[in-house]
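Notes follow the structure.
Quick caveat: nothing in here was measured; it's all calculated off a predicted structure.
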Amino acid sequence: MKELVEVIAKSLVENPDEVVVTQTENDKTIVIELRVAQSDMGKVIGKQGRIAKAIRSVVKAASAKENKKVVVDIVQ
C-alpha cells in the first residue's frame with residue numbers, strides 16, 4: 001500500500017523528492033501518512049478534497065483482499 005500511495009503522490013507534485021510516505025500497521029488497521037512539500041499540498045488534496053478522496057478510494061480498493069482497514073492521512 002505504501003508504494004501505491006508513493007507512486008500516486010509523486011506523479012501529482014512538482015517536488016517528488018520531498019514526498020515521504022510512512023506506514024504503521026496493527027491487527028486490523030493500516031495507517032499510511034503522506035507528507036509533501038507545503039507548495040504541493042493543494043495538488044495532493046485537490047479542489048474540495050477530490051484528489052485526496054480519489055487516492056483513498058484507490059487504496060481502499062487495493063486493500064480489499066487483505067481484510068484490513070486502510071487509513072490515508074495527508075499531514076503537513
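- Rounding to the nearest 0.5 angstrom, the gap separating the NZ atom in K28 from the CD atom in E66 is 16.0 Å.
- When side chains are defined from C-beta on, E25 counts as touching K68, because their heavy atoms get closer than 4.5 Å.
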**OP:** Test side-chain contact (heavy atoms from CB on, under 4.5 Å) on D17 and K10 and set out the steps.
**Re:** CA-CA 8 Å; D17 298 336; K10 284 185 177 183; over 6 Å; no
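- Hydrophobic clustering (side-chain heavy atoms under 4.5 Å, transitive across Ile, Leu, Val, Met, Phe, Trp, Tyr) keeps V31 apart from V58.
- Here T22 contributes atom OG1 and L34 contributes atom CG; the two are 9.0 Å apart, rounded to the nearest 0.5 Å.
- V71 places none of its side-chain heavy atoms less than 4.5 Å from the side chain of I30.
- Judged by distance alone, the side chain of D73 and the main-chain N or O of I32 form no donor-acceptor pair under 3.5 Å.
- Of the possible polar contacts, one joining the D40 side chain to the E14 backbone as a donor-acceptor pair under 3.5 Å is found.
- Considering every non-hydrogen atom in both G46 and I51, the closest pair reads CA-CG1, 3.6 Å.
- Nearest heavy atoms, V59 versus V5: CG2-CG2, 3.5 Å.
- Note on R35 versus E18: no salt bridge recorded, every NZ/NE/NH1/NH2 to OD/OE distance being 4.0 Å or above.
- With a 6.0 Å radius and a threshold of 12 heavy atoms from other residues, nucleotides or ligands, K69 has its NZ atom at or below the threshold.
- Side chain of E6 to backbone of V21: no donor-acceptor contact under 3.5 angstrom is found.
- Note that the CD atom of E33 and the CD1 atom of I74 stand 11.5 Å from one another [nearest 0.5 Å].
- Here the side chain of T29 pairs no donor or acceptor atom with the backbone of N26 at under 3.5 angstrom.
- Under the 4.5 Å side-chain heavy-atom criterion for ILVMFWY residues, no single connected hydrophobic cluster contains both V7 and V72.
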